[in-house]
Q: 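This is the structure I have questions about; it appears just below.
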Amino acid sequence: MGGRALVAGLLLALVLHSPARAADAAFTQFIASLWPEAQAAGVSRATFHAETRGLEPDYKLPDLLLPGRPPTGAPAQAEFVQVPADYVKESSIARLAAEGQKLMQQHRTALTEIEKRFGVPATVVLAIWGRETDYGRYRLPYDTLRVVATQAYVGRRKDQYRTEFILALKLLGEGAVARKDFRSSWAGATGLTQFLPSEYYKHGIDLDGDGRVDIWHSVADALASAAQQLVNKGWQRGVRWAYEVKAPANVDCTMGVPEVTKPIAEWLRLGFVPVRGQKLSAAELAQPASLLQVEGIYGPSFLTTKNYFVIKEYNFSDLYVLFVGHLADRMTSPQPFATPWSASTQLRSADVEAMQRHLTRIGLYKDKLDGKAGMQTRAALGAFQKSAGLKVDCWPSDAVLRAMSAGR
């Protein structure tokens, strides 16, 4: 028995001194060090102790920087790994649009008030709700407090999530949400319309008049808060999010960046034509817009207004905005995009990042090396294709990658 006790003691010592145990002890110490900031934000000692007791990090989350391991990144975020045809999927849009029409009637009183008060169409906030949580049917998989604590400890954006952690504690202490209902995405966005804790405090609205902002259970509050967030980020009343157009055959796809802005009338003079013979009013023709071609020259083309970029502030992805904007349109019109998506293939994020690195070296790209083929990346690729004598389509392909590898 003495020998067994000795072995058990040795095993316990090994466990206690394992790297994981040491790391978790450091995490616990880190969390404890945040008490003064929490106290300054109005969090009680009782709340801090109750909510952080036994709190452990989740090292399986994306976007972490763990010692001795490669950065985890966020490879599973659909907006950045799916091609447009898969992300803006017709069957998904049609289903959500049909359900959105029913919800528009069910929540008519709240939606009418939102349109009147904020100037954001009911269809837009419904589309955000549909995209974010499938109208509340999708159960968010993570414990919010654990997510923001982990991201504050070893995430890429520690300072941001340090604030989110403090405000998450504040939400729990104020009774805004019970811990069991405080579920989130891997990035800490919570509620029916996916707010970070800081966004709750910046944009939260009590539309149903019960004295509390409840974005987890009150559809009225969640949709009004989404509308308020859009307004706070610059939403313009009465302006569409975008117009689908047919591009001229000689389109210069490198113009597809937010910095190149022209009145819609000028784009039309350059040969862009609104689809299905759509007639625009004088006010619409005077609206400034940017060109968007998310598949380069191969898929649909859009002239995007200020409100396009406001929605993009909600989720920084062109595909996200196209999904939300198109879903909103489909609630009042059954027509899909006039130009179908192409059969494009998606390069690995590592390959896109390699392209960005090459484009940076030759002075064509000045944005983040993030492996995402966004507007700036596509325009820079087009500029490279021009200089290399390749077909200018502004789309990341194996051919472009080979040309870069060959030093062209």
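Along the sequence shown, the residues carry numbers beginning at 1. For the numbers below, each heavy atom of this structure counts, side chains included, while hydrogens, waters and symmetry mates do not.
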Q: Going by heavy atoms in the side chains, are Leu172 and Val177 under 4.5 Å from each other?
A: yes

Q: Is Leu381 close to Leu364 at the side-chain level, that is, under 4.5 Å between some pair of heavy atoms?
A: no

Q: Listed by chain and number, what are the salt bridge (charged side-chain N to carboxylate O under 4.0 Å, His left out) partners of Asp208, not counting sequence neighbours?
A: none

Q: Can you confirm whether Phe165 sits close enough to Thr52 that some side-chain heavy atom of one is under 4.5 Å from a side-chain heavy atom of the other?
A: yes

Q: Would you find a donor on one side and an acceptor on the other, under 3.5 Å apart, between the side chain of Arg237 and the backbone of Val120?
A: no

Q: May I ask you to check whether Gln287 and Thr305 show a side-chain donor-acceptor distance below 3.5 Å?
A: no

Q: Is the terminal nitrogen or CZ of Arg378 (NZ for Lys, CZ for Arg) located under 6.0 angstrom from the six-membered ring centre of Trp395 and within 45° of that ring's axis?
A: no

Q: Grab the two heavy atoms, one from Val147 and one from Gly188, that are nearest each other, plus how far apart they are.
A: CG1-N, 3.5 Å

Q: Would you check if the side chain of Glu164 reaches a backbone N or O of Ser198 as a donor-acceptor pair within less than 3.5 Å?
A: yes

Q: Checking Asp221 now: which residues fulfil salt bridge (charged side-chain N to carboxylate O under 4.0 Å, His left out) with it, not counting sequence neighbours?
A: none

Q: Would Gln151 and Asp63 count as having a side-chain donor-acceptor pair, cut-off 3.5 Å?
A: no

Q: Nearest 0.5 angstrom please: Leu292 CG to Leu303 CG, how far?
A: 9.5 Å

Q: Tell me whether the NZ or CZ atom of Lys312 lies within the 45° cone about the ring axis of Phe316 and under 6.0 Å from its centre.
A: yes

Q: Quick one: ring-ring contact (aromatic ring centres under 6.0 Å, His included) pairs with a partner in residues 227-258, sequence neighbours left out?
A: none

Q: I want to know whether His358 and Phe384 have ring centres closer than 6.0 Å.
A: yes

Q: Taking atom types as modelled and ignoring hydrogens, do the side chains of Thr254 and Asp252 form a donor-acceptor contact shorter than 3.5 angstrom?
A: yes

Q: Angle class for the Tyr153/Phe27 ring planes (parallel below 30°, perpendicular above 60°, tilted otherwise)?
A: perpendicular

Q: Tell me if a side-chain donor or acceptor on Glu244 pairs with a main-chain N or O of Val275 at a distance below 3.5 Å.
A: no

Q: What's the spacing between Glu353 CD and Leu359 CG if we round to 0.5 Å?
A: 12.0 Å

Q: Between the side chains of Ser301 and Gln293, is a donor N or O closer than 3.5 angstrom to an acceptor N or O?
A: yes

Q: Check the pair Glu90, Arg330 against salt bridge (charged side-chain N to carboxylate O under 4.0 Å, His left out), reporting the backbone distance first and the verdict last.
A: CA-CA 11 Å; Glu90 173 58 26; Arg330 291 288 289 275; 2.6 Å; yes

Q: Does atom NZ of Lys102 have more than 12 heavy-atom neighbours, drawn from other residues, nucleotides or ligands, at distances under 6.0 Å?
A: no

Q: Determine whether Arg131 and Leu96 satisfy the following criterion, side-chain contact (heavy atoms from CB on, under 4.5 Å), listing intermediate values before the conclusion.
A: CA-CA 8 Å; Arg131 174 63 256 182; Leu96 290 170; 6.0 Å; no

Q: Side chain of Arg348, backbone of Ala350: donor and acceptor closer than 3.5 Å?
A: no

Q: If the test is side-chain hydrogen bond (donor to acceptor under 3.5 Å, both in side chains), which one of Lys372, Lys368, Gln356 qualifies with Thr377?
A: Gln356

Q: Indicate whether any N or O donor in one side chain lies under 3.5 Å from an N or O acceptor in the other, for Arg45 and His49.
A: no

Q: Got a sec, which residues hit side chain to side chain contact (heavy atoms under 4.5 Å, CB included) with Thr123, two or more places apart in sequence or on another chain?
A: Met104, Pro121, Ala328, Met331, Thr332

Q: Return the set of residues passing ring pair (Phe, Tyr, Trp, His ring centres under 6.0 Å) with Tyr135 (not counting sequence neighbours), or none when no residue passes.
A: Trp129

Q: Measure from the side-chain N and O atoms of Tyr200 to the backbone N and O of Val213, and report whether any donor-acceptor pair falls under 3.5 Å.
A: yes

Q: State which residues pass side chain to side chain contact (heavy atoms under 4.5 Å, CB included) with Gln228; sequence neighbours excluded, sorted by chain then number.
A: Phe118, His203, Ile205, Val231, Asn232

Q: Quick check: does any side chain N or O of Asp393 sit under 3.5 Å from a backbone N or O of Ile297, one acting as donor and the other as acceptor?
A: no

Q: Is there a donor in the side chain of Glu259 and an acceptor in the side chain of Gln376, or the other way round, less than 3.5 Å apart?
A: yes

Q: Within the side chain of Thr304, is there an N or O that forms a donor-acceptor pair under 3.5 Å with the backbone of Ser290?
A: yes

Q: For Lys262, which residues count as a side-chain hydrogen bond (donor to acceptor under 3.5 Å, both in side chains) partner, sequence neighbours excluded?
A: none

Q: Does Thr261 reach the main-chain N or O of Pro258 with its side chain, forming a donor-acceptor pair under 3.5 Å?
A: yes

Q: With a sphere of 6.0 Å drawn around NZ of Lys233, does it hold more than 12 non-hydrogen atoms of other residues, nucleotides or ligands?
A: yes

Q: Are more than 12 heavy atoms, taken from residues, nucleotides or ligands other than Gln29, located less than 6.0 Å from that residue's CD atom?
A: no

Q: Taking C-beta and beyond as the side chain, do Thr360 and Lys366 meet within less than 4.5 Å on heavy atoms?
A: no

Q: Of all the heavy-atom pairs spanning Tyr142 and Ser185, show the shortest one and how long it is.
A: CD1-C, 3.5 Å

Q: Please list, chain by chain and in numerical order, all residues satisfying side chain to side chain contact (heavy atoms under 4.5 Å, CB included) with Asp398, sequence neighbours excluded.
A: Leu347, Arg402

Q: How close do Ser281 and Glu284 get, heavy atom to heavy atom, and via which atoms?
A: N-OE1, 2.8 Å

Q: Give me the atom names and distance for the closest heavy-atom approach of Leu171 to Tyr201.
A: N-OH, 3.4 Å

Q: Who passes salt bridge (charged side-chain N to carboxylate O under 4.0 Å, His left out) against Arg137, sequence neighbours left out?
A: Glu99, Asp134

Q: For a 4.5 angstrom cut-off between non-hydrogen side-chain atoms, does Val83 reach Trp341?
A: no

Q: Report yes or no: does Asn307 contribute a side-chain atom to a donor-acceptor pair with the main-chain N or O of Gln236 at less than 3.5 Å?
A: yes

Q: With sequence neighbours left out, which residue pairs that include part of residues 166-176 fulfil the salt bridge (Lys or Arg N to Asp or Glu O under 4.0 Å) condition?
A: Lys170-Glu174

Q: May I ask you to decide whether Glu51 forms a salt bridge with Arg146, counting only side-chain N to carboxylate O separations under 4.0 Å?
A: no

Q: Check Arg183 against Thr190 and note the closest heavy-atom contact, atom names and distance.
A: O-OG1, 2.7 Å

Q: CG/Leu169 to OG1/Thr144 distance, rounded to the nearest 0.5 angstrom?
A: 11.5 Å

Q: Do any pairs count as a ring-ring contact (aromatic ring centres under 6.0 Å, His included) and have a residue in residues 248-274, sequence neighbours left out, and if so which ones?
A: Trp267-Phe272

Q: Taking salt bridge (charged side-chain N to carboxylate O under 4.0 Å, His left out) as the definition, give me every residue that meets it alongside Arg162, ordered by chain and number, with sequence neighbours left out.
A: Glu37

Q: Any carboxylate oxygen within less than 4.0 angstrom of a Lys/Arg side-chain nitrogen, looking at Asp214 and Arg212?
A: yes

Q: Which atoms form the tightest heavy-atom contact between Gly204 and Ser225, and what is the distance?
A: CA-OG, 3.4 Å

Q: Determine whether a donor-acceptor pair (N or O, by modelled atom type, separation under 3.5 Å) exists between the side chain of Gln385 and the backbone of Cys394.
A: yes

